[in-house]
Amino acid sequence: MGAAPVTHTNPEKKYMLKIPVQKRSKETVASIVESCARLLVQEPYHAITTDKIAEMAGVSIGSLYQFFANKEAIVAAVIDDLLQKDLVYIEDQLSKLQTTDLDAKVHAFIDIGFSRFHDNRPLRTALQGVQGMLDYWETRRVFFEHYQKAVLAHMPQLPGRDRDMVALFIVSSFNNILQLSLLGPQSQEREQAVKKEVYTLISRYLQP
């Protein structure tokens, strides 16, 4: 089911019809998003409906449609919530990074990325199959900008090169590698092999 186009009240959350302000409304939205995330892990995407999401969340379908126009908008909120939690974790871990050695920094960045990648892997795997259907590029842009700034803060000077572009390429490449890792066989040996190749890729790319 869909709804007529509306003017979004918050440009940073374009998937929402209305931004919750009151505590009860915030709890309702949180329950809807959490329930959608659970259903994405349990069922095929095409089998999920707004009625199922509302039922699992314990809210009326009318309450759901106050905030979201359709299922796709709720899934976009699930992705947004996941990326925001990723940012908090990544920034917290990077704030503890004390080493000045470039090799150690690269290894630390890779470990931080993979550590976060393991959190809620079933949901990340489920989202892999539906992201192409969704318009959530604003959310991804914000995530990439934050991570890009974090990389820049730890990156060496590279005379003659655009540091912003270098940081963007590193973040984009690493994110794609993590996403592809969800689709392959899972084993500690394979992950270590992937980490080794990622380290080679980034460390060589950062050579003057």
Side-chain angles (χ1 to χ4, degrees), residues 1-94 113 115-150 168 171-172 175-176 178-179 182-183:
M1 294 179 66
V6 298
T7 300
H8 301 290
T9 57
N10 186 334
E12 295 183 356
K13 294 185 181 293
K14 294 182 179 180
Y15 50 81
M16 296 196 71
L17 299 178
K18 183 173 71 173
I19 305 300
V21 177
Q22 302 297 325
K23 179 181 178 182
R24 185 173 180 180
S25 295
K26 290 180 180 179
E27 290 174 347
T28 295
V29 169
S31 182
I32 291 169
V33 173
E34 180 183 350
S35 297
C36 182
R38 289 167 58 191
L39 284 169
L40 283 166
V41 174
Q42 296 172 8
E43 301 185 15
Y45 180 73
H46 63 81
I48 299 172
T49 65
T50 50
D51 286 322
K52 284 186 177 181
I53 296 170
E55 181 180 0
M56 179 172 281
V59 304
S60 69
I61 193 67
S63 294
L64 182 150
Y65 280 125
Q66 285 184 35
F67 301 101
F68 300 100
N70 48 40
K71 174 178 72 175
E72 289 73 21
I74 306 173
V75 177
V78 171
I79 295 171
D80 188 14
D81 181 63
L82 186 61
L83 290 180
Q84 293 304 318
K85 290 174 180 175
D86 285 350
L87 278 177
V88 171
Y89 176 84
I90 290 167
E91 290 176 352
D92 178 64
Q93 294 300 307
L94 289 178
S115 177
R116 189 59 192 170
F117 157 82
H118 283 297
D119 182 75
N120 217 339
R121 180 183 278 185
L123 177 59
R124 295 178 194 276
T125 302
L127 289 171
Q128 273 288 89
V130 303
Q131 289 182 5
M133 310 176 198
L134 307 172
D135 179 16
Y136 71 111
W137 295 110
E138 180 67 16
T139 294
R140 283 178 63 89
R141 182 188 64 77
V142 172
F143 174 81
F144 271 73
E145 284 184 356
H146 277 276
Y147 203 7
Q148 183 182 357
K149 289 178 182 177
L168 177 61
V171 172
S172 300
N175 180 72
N176 285 332
L178 286 174
Q179 296 298 321
L182 285 168
L183 304 177

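These values consider heavy atoms only, across backbone and side chains, with no hydrogens, waters or symmetry-generated copies. Just so it is clear, the model here is predicted, and its values are computed rather than measured.
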- prompt: Would you say Gln42 and Lys52 make side-chain contact, with heavy atoms under 4.5 Å?
  reply: no
Side chain proximity check, Val75 to Tyr45, heavy atoms < 4.5 angstrom: yes
task: Starting at CG of Leu94, measure out to OH of Tyr89 and round the result to the nearest 0.5 Å.
output: 9.5 Å
message: I'd like to check Lys85 versus Asp119 (side-chain heavy atoms, cut-off strictly below 4.5 Å). Are they in contact?
response: no
message: I'd like to know whether CD of Gln66 has more than 12 heavy-atom contacts from other residues, nucleotides or ligands below 6.0 angstrom.
response: yes
- line: Here the gap from Asp86 atom CG to Arg124 atom CZ, rounded to the nearest 0.5 Å, amounts to 4.0 Å
Backbone of Leu87 reached by a side-chain donor or acceptor of Arg116 within 3.5 Å: no
Nearest-0.5 Å distance that lies between atom CD in Glu55 and atom OG1 in Thr50: 11.5 Å
- prompt: Between Leu17 and Tyr65, what is the shortest heavy-atom contact and its length?
  reply: CD1-O, 3.3 Å
- prompt: If every non-hydrogen atom of Lys26 is compared with every non-hydrogen atom of Val21, which pair is closest and at what distance?
  reply: CE-O, 3.3 Å
- prompt: In Å and rounded to the nearest 0.5 Å, what is the CG to CZ distance from Asn175 to Phe117?
  reply: 11.0 Å
Derivation and outcome, side chain to side chain contact (heavy atoms under 4.5 Å, CB included), residues Leu64 and Ile74: CA-CA 9 Å; Leu64 182 150; Ile74 306 173; 3.8 Å; yes
- request: For the residue pair Val33 and Phe68, establish whether any side-chain heavy-atom pair is separated by less than 4.5 Å.
  value: yes
message: Minimum heavy-atom separation for Ala126 and Leu40, please, with both atom names.
response: CB-O, 3.4 Å
task: May I ask you to decide if Ala57's main-chain N or O and Ser35's side chain share a donor-acceptor pair within less than 3.5 Å?
output: yes
query: Taking all atoms of both residues into account, what is the closest heavy-atom pair of Ile32 and Ile53, and its distance?
result: O-CG2, 3.6 Å
task: Could you tell me whether a side-chain N or O of Asn176 sits under 3.5 Å from a main-chain N or O of Ser172, the two making a donor and an acceptor?
output: yes
